[in-house]
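These notes are about the structure you will find just below.
Computed from a predicted structure; not experimentally measured. The first residue in the sequence is number 1, and the count goes up from there.
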Amino acid sequence: MNSARLLIDTLRFRGGLPPERLAPVWGTVEGKGMQRLVEFEGCAIWLYRRLRQLGVMERIDPELADWVSAQAREETARNLLIEAEAQALAEIFHEIDMPAVFLKGVARRLNVDRYPLADARVTNDVDVLVPLALAREVWHDLRRRGYERTSPTKPPRPQHHHLPALWSHRRVGVELHTTHARGVDPGVAWQRYYDAGIDVVRSGIRFRVPSATELFWSATAHSLLIPDSAFILVLMFDAAVIWASGVPMDWAEIARRLDAKEIVDGAAAGAWLGAAAQLAGVEPPVALAGRVAPYDLERALSLRLAVLRHLQPSGGLRKALAWWTSERARAGA
């Protein structure tokens with residue numbers, strides 16, 4: 001089994017190889033290349049948990065084991081700060097009687113009992129959707145409570161889909177959204193995310209979060225804003241973790257949005273969904289027939305690993321590697 005296939009089978013949510021077949025192979029993996037691949041794919045916490053489940057941390061390359069452990073600890077600590085900031089914001093919104101929906105990574109973390117392993121991914125900031133008519137009032141209320149702009153010298157963008165980012169003493173970015181994506185009417189966004197959302201309670205605080213359908217769709221659409229760099233494991237994780245959970249979704253609505261070109265590059269969307277389905281370990285539903293395309297995920301990771309064994313990419317080279325390997329995988333070349 002090559003290293004790319006081993007990583008995929010280890011991370012796959014459902015239907016992967018049994019532990020007794022995976023565990024011995026991890027003892028033969030070359031550490032430096034795998035470390036760089038895991039860093040590139042953004043899957044350190046996820047891999048750390050799976051290696052612990054396999055009971056192989058003491059048997060793999062020591063440098064790889066040390067790096068994965070340290071990276072998982074660092075990212076987990078960051079996630080705890082994110083959770084503390086989300087809870088503080090939820091308490092403020094309850095105090096001022098402001099309806100709000102927690103989006104993206106925070107929403108997945110709040111739903112870890114519905115989507116197992118949804119917290120095995122680093123989250124960078126707190127995204128919250130609030131009503132358009134009240135957004136500036138909420139923003140200024142947070143300023144009065146001590147929140148500061150994260151980039152005070154950067155001029156505001158009046159037509160942007162979220163107000164200028166803020167942070168508190170925790171130094172966790174907070175973005176107040178008026179819609180979940182550029183080009184989506186705020187009223188439509190509110191109906192999709194708040195009206196059709198669900199409530200979850202954590203530490204005695206009630207949070208409003210999107211439905212499984214909307215979390216899945218936003219993960220897909222947000223990843224494909226830049227199709228050239230969309231086919232990275234950490235981005236596909238956001239959809240795969242929901243898909244693998246078996247929580248019911250409105251697949252007809254997903255199909256409708258694909259047909260309506262809410263994601264402009266339909267070919268990229270089809271291949272991306274094909275890759276996410278592999279990672280989830282599921283078969284696409286009948287409602288998506290003709291809309292999901294094959295994607296050679298093993299090929300993409302093998303090509304990246306071949307480069308990363310010799311080179312640590314950054315900046316433009318990182319984007320070029322993501323694009324080149326994804327195109328080759330989509331073409332089956």
Side-chain angles (χ1 to χ4, degrees), residues 1-80 105 108-109 112 115-124 231-238 240-241 244 275-281 295-314 317-318 321-322 325-326 328-329:
M1 183 188 304
N2 66 44
S3 294
R5 171 51 55 187
L6 176 63
L7 183 61
I8 293 168
D9 282 342
T10 300
L11 297 178
R12 180 178 281 125
F13 289 98
R14 291 167 54 179
L17 292 176
E20 59 269 21
R21 291 190 57 188
L22 292 172
V25 187
W26 273 103
T28 68
V29 169
E30 184 270 315
K32 182 175 72 173
M34 182 60 77
Q35 174 185 327
R36 289 179 174 178
L37 180 61
V38 171
E39 183 176 13
F40 187 94
E41 303 294 337
C43 58
I45 300 178
W46 188 5
L47 179 62
Y48 173 77
R49 292 192 185 178
R50 290 292 290 123
L51 292 176
R52 290 289 301 271
Q53 289 171 359
L54 293 173
V56 299
M57 287 297 291
E58 292 76 22
R59 295 162 52 186
I60 67 175
D61 179 283
E63 290 189 8
L64 175 60
D66 290 345
W67 178 84
V68 169
S69 298
Q71 193 73 9
R73 285 195 301 270
E74 180 181 326
E75 293 180 0
T76 299
R78 174 66 179 174
N79 284 342
L80 291 175
R108 286 187 294 272
R109 295 185 65 78
V112 70
Y115 316 126
L117 278 177
D119 58 341
R121 139 95 146 107
V122 69
T123 302
N124 295 311
F231 291 80
I232 305 297
L233 291 185
V234 69
L235 297 179
M236 291 183 281
F237 171 97
D238 296 342
V241 69
Q278 291 177 57
L279 202 55
Y295 182 83
D296 195 338
L297 189 56
E298 182 178 347
R299 175 69 166 161
L301 266 61
S302 294
L303 289 169
R304 289 171 197 159
L305 182 58
V307 174
L308 292 169
R309 282 196 175 106
H310 305 285
L311 185 66
Q312 179 91 51
S314 60
L317 184 58
R318 187 180 186 87
L321 180 59
T325 55
S326 297
R328 299 273 290 182

Close side-chain approach of [X] and [Y], heavy atoms under 4.5 Å:
X      : Y      : result
Leu301 : Glu41  : yes
Thr76  : Tyr48  : no
Leu37  : Leu7   : yes
Arg59  : Leu54  : no
Leu321 : Leu303 : no
Asn2   : Ser302 : yes
Cys43  : Val234 : no

Quick one: closest heavy-atom pair of [X] and [Y], and the distance?
X      : Y      : value
Gln278 : Arg12  : O-NE, 2.9 Å
Ala118 : Val112 : N-CG2, 4.1 Å
Ala240 : Leu279 : CB-CB, 4.1 Å
Arg109 : Arg121 : NH1-O, 4.0 Å
Arg304 : Phe40  : CD-CE2, 3.6 Å
Phe13  : Ala244 : CB-CB, 3.4 Å

Quick one: pull up [atom1] in [X] and [atom2] in [Y] and give me the separation to the nearest 0.5 Å.
X      : Y      : atom1 : atom2 : value
Phe237 : Leu11  : CZ    : CG    : 9.5 Å
Leu311 : Arg318 : CG    : CZ    : 11.5 Å
Leu47  : Leu233 : CG    : CG    : 10.5 Å
Thr123 : Arg108 : OG1   : CZ    : 6.5 Å
Asp296 : Thr325 : CG    : OG1   : 11.5 Å

Run through Arg73, Arg78, Gln71 and flag the one making a side chain to side chain donor-acceptor pair (under 3.5 Å) with Glu75.
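It is Gln71, the one option of Arg73, Arg78, Gln71 that forms the side chain to side chain donor-acceptor pair (under 3.5 Å) with Glu75.
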Testing the 3.5 Å rule here: is there a donor-acceptor pair between the side chains of Ser69 and Arg52?
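There is no such pair between these side chains.
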Could you walk me through whether Val68 and Met34 pass side chain to side chain contact (heavy atoms under 4.5 Å, CB included), step by step?
CA-CA 10 Å; Val68 169; Met34 182 60 77; over 6 Å; no
Tell me whether Glu63 at atom CD has more than 12 heavy atoms from other residues, nucleotides or ligands lying less than 6.0 Å away.
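No, because the 6.0 Å sphere around CD of Glu63 holds 12 heavy atoms or fewer from other groups.
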Distance-only donor-acceptor pairs under 3.5 Å for side chains of residues 20-31, two or more places apart:
{"residue": "Trp26", "atom": "NE1", "partner": "Thr10", "partner atom": "OG1", "Å": "3.0"}
{"residue": "Thr28", "atom": "OG1", "partner": "Val25", "partner atom": "O", "Å": "2.7"}
{"residue": "Glu30", "atom": "OE1", "partner": "Gly33", "partner atom": "N", "Å": "3.1"}
{"residue": "Glu30", "atom": "OE2", "partner": "Lys32", "partner atom": "N", "Å": "2.9"}
{"residue": "Glu30", "atom": "OE2", "partner": "Gly33", "partner atom": "N", "Å": "3.2"}

Could you walk me through whether Asn79 and Ile45 pass the side chain to side chain contact (heavy atoms under 4.5 Å, CB included) test, one step at a time?
CA-CA 11 Å; Asn79 284 342; Ile45 300 178; 3.8 Å; yes
